Amino acid sequence: MTEIRLRFPPSPTGYLHIGGARTALYNWLYARKMGGKLILRIEDTDSERSTEASTDGILDGLKWLGIDYDEGPYFQSHFAANHRAAAQRLLDSGHAYKCFCAKEELEVKRQAALAAKLPFVGYDRACRHLTPEQIAAKEDAGLPHVIRFKTPDRQGMLGYNDMVLGRIEVNYKEIDDFVIVRSDGSPLYLLCNVADDIRDRISHVVRGQDHMTNTLKQVLLYEALAAPLPIFAHIPLTLDNKKAKISKRSHGEVVAVQFYKEMGFLPWAFNNYLVLLGWSPGTDQEFFSRDELISAFSLERINKSSAIFNYTKGDAKFFTDPKAIAINEHYLRTMPIAELAPLVEEELRQAGIWDEAYADEKRSWFLEVITLIRDRFHTLKDFSTAGRAYFAEDYVIEEKPLKKNVAPYPELKNWLPLLADRLAALNPFTAERAEETARAMAEELSQKPGVLMNAMRAILTGQLAGPAMFDILLVIGQETVVRRLRQTERLFPAQ
RNA sequence: GUCCUCAUCGUCUAGUCAGGUCCAGGACACCGGCCUUUCACGCCGGCAACACCGGUUCAAAUCCGGUUGGGGACGCCA
């Protein structure tokens with residue numbers, strides 16, 4: 001049995017976007033499921049557009065997602081000699097030929113054909129039958145040339161079996177004599193990709209459906225290079241909600257994996273969202289542990305039709321696909337607190353409000369707090385923003401609670417310090433006694449208890465909503481509660 | 001334009017290969033209710049789809065043909 005070997009070959013010409021991440025995920029899942037290997041190959045043969053920053057971004061994104069690889073990263077540019085040798089072999093074996101046609105002229109012809117809506121806009125094969133003498137003459141004249149693949153002159157259909165789509169076929173006459181080596185001598189994607197997949201002994205090529213026509217040409221390359229054909233699986237594309245291709249230029253950061261890292265997504269939650277965008281286990285299960293997903297995954301169950309990344313620009317409520325957020329929330333509030341804690345720690349560190357005591361003598365307090373507040377949060381970011389008051393004093397008191405629960409009751413300026421005095425006197429300071437105290441005082445003042453409680457929430461947490469008020473008092477602690485209740489200037493700034 | 005390909009709720013999808021158990025199931029979103037002197041969480045309920053037309057069949061979301069619609073490719077990019 002031959003080894004199962006897959007690869008993820010991004011070109012470092014941009015960030016890692018969600019479509020690429022999903023492709024990487026599918027490759028990774030299948031490799032892990034089959035006990036195979038995943039190879040990471042950076043396809044940087046386009047030196048004009050490739051950047052080191054892109055490579056770093058892609059590596060960082062994969063690392064964040066937890067998509068690890070067994071070999072690589074290899075850099076395609078390091079194997080240029082190998083690619084050139086492959087081109088030479090094709091030339092020597094008569095599977096390719098030198099073409100001296102000027103790029104500019106061909107481009108003009110191609111555009112004209114496209115504009116005239118002609119059936120076939122490929123190369124007219126003018127150089128295909130040049131004699132050795134003619135070729136020598138042109139070379140002696142210093143004419144530059146590319147190398148084109150000589151599509152076999154055959155009747156019938158060229159095809160391959162796709163694990164997702166089934167049998168894919170096309171008539172041989174539809175295949176252009178495509179260029180495999182540029183006029184500067186550097187080999188192109190179609191060839192490099194195949195040469196590398198052969199060298200890396202790739203058994204399964206799992207890539208987007210935008211590669212379907214490339215695959216037809218590459219099938220010919222495998223044949224000409226006398227190499228066994230890998231198994232192909234073309235996964236559906238991810239489009240935006242207008243069914244257009246997603247791109248950073250038109251959609252912005254939301255299509256970049258980096259964005260989700262920065263927004264405080266849980267890496268596994270994001271993988272879970274991505275895998276469902278084009279695949280389903282065939283059951284109603286939607287949440288998977290890593291091992292469950294690896295075991296459930298299969299190429300056969302990948303969908304044929306393209307999926308939509310349901311993002312609406314400028315949506316007031318959802319900053320990305322609502323399903324992605326929902327999945328993240330699910331993990332945020334159900335994952336073991338011991339697994340969540342280090343992620344919250346990282347978030348607090350980055351926000352500059354981490355206290356080493358949270359890892360030590362205040363450990364149980366810390367775990368209690370995140371357990372209490374995580375139900376209302378969407379991402380890890382919320383722990384340092386909406387949840388800031390639990391960890392720091394520099395929290396912001398938001399407009400909404402001020403307007404709704406404070407402004408209508410100017411007397412709070414006096415009531416809250418009074419409440420502070422009474423709470424300060426409690427010993428022991430328990431939720432029950434604090435509640436009795438607040439209710440009794442509200443009754444004395446002929447106010448609804450809610451007036452005091454909502455105002456307390458506003459000044460203690462800065463938020464309009466949150467956990468039960470008396471749970472908040474306990475975790476914030478008597479001393480801090482009393483001190484904050486006296487800071488009424490935070491509610492009523494000097495006019 | 002040509003070639004390739006796809007088509008189930010607003011979105012992700014189950015069901016299609018082996019036609020009947022599907023007047024189509026789940027999730028997200030949305031709406032309503034319960035819980036809650038906050039807001040969520042949670043729970044309960046609701047809205048909502050087989051693109052269209054033919055054919056085959058006792059029976060079609062499912063098989064066949066066509067139409068329409070979507071997407072991809074048509075680079076000396078990857």
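As a basis for the values below, the full set of heavy atoms in this structure was taken, side chains included, without hydrogen atoms, waters or symmetry mates. No experiment lies behind these values; they were computed from the predicted model shown. Lettering follows sequence order; numbering is per chain, from 1.
C47(B) and C3(B): their P atoms are spaced 45 Å apart (whole Å). Taking the C1' atom of each, C9(B) and A18(B) are spaced 27 Å apart, rounded to whole Å. Taking atom P on both C58(B) and G15(B), the two are 28 Å apart, rounded to the nearest angstrom.
Nucleic acid contact for E169(A): sugar-phosphate only, since backbone atoms but no base atoms lie under 4.0 Å from a heavy atom of the residue. Nucleic acid contact for V179(A): sugar-phosphate only, since backbone atoms but no base atoms lie under 4.0 Å from a heavy atom of the residue. Counting any heavy atom pair closer than 4.0 Å across all strands shown, A324(A) reaches no nucleic acid atom. E174(A) comes within 4.0 angstrom of sugar-phosphate atoms only, judged by non-hydrogen atoms across all strands, and of no base. Using a 4.0 Å heavy-atom criterion, one finds that V170(A) contacts the sugar-phosphate atoms exclusively. Counting any heavy atom pair closer than 4.0 Å across all strands shown, R301(A) reaches sugar-phosphate atoms only and no base atom. In this structure, N303(A) reaches the sugar-phosphate backbone alone: every heavy-atom distance under 4.0 Å involves primed, P, OP1 or OP2 atoms, never a base. Within the nucleic acid shown, K103(A) comes within 4.0 Å of at least one base atom, counting heavy atoms only.
For R49(A) against C77(B), a side-chain-to-base donor-acceptor contact under 3.5 Å is present. Contact of R376(A) with C41(B) (side chain to base): no donor-acceptor pair of N or O atoms is detected under 3.5 Å. A donor-acceptor contact under 3.5 Å is formed by the side chain of K323(A) with the base of A27(B). On a pure distance criterion of 3.5 Å, no polar donor-acceptor pair joins the side chain of D284(A) and the base of A27(B). Between the base of C4(B) and the side chain of T213(A) there is no donor-acceptor pair shorter than 3.5 Å.
Remark: K217(A) fails to qualify as a cation-pi partner of F149(A) under the 6.0 Å distance and 45° angle criteria applied to the six-membered ring.
The aromatic ring centroids of F297(A) and Y26(A) lie less than 6.0 Å from each other. H234(A) has its ring centre less than 6.0 Å from the ring centre of Y160(A).
Annotation for E444(A): atom CD counts as buried by contact number, over 12 foreign heavy atoms lying within 6.0 Å.
Pairing for G45(B) is with C31(B), a Watson-Crick or G-U wobble pair whose two hydrogen-bonding atom distances lie under 3.5 Å. Across all strands shown, nothing is found opposite U56(B) as a Watson-Crick or G-U wobble partner with both distances under 3.5 Å. Look at U2(B): its Watson-Crick or wobble partner, with both distances under 3.5 angstrom, is A73(B).
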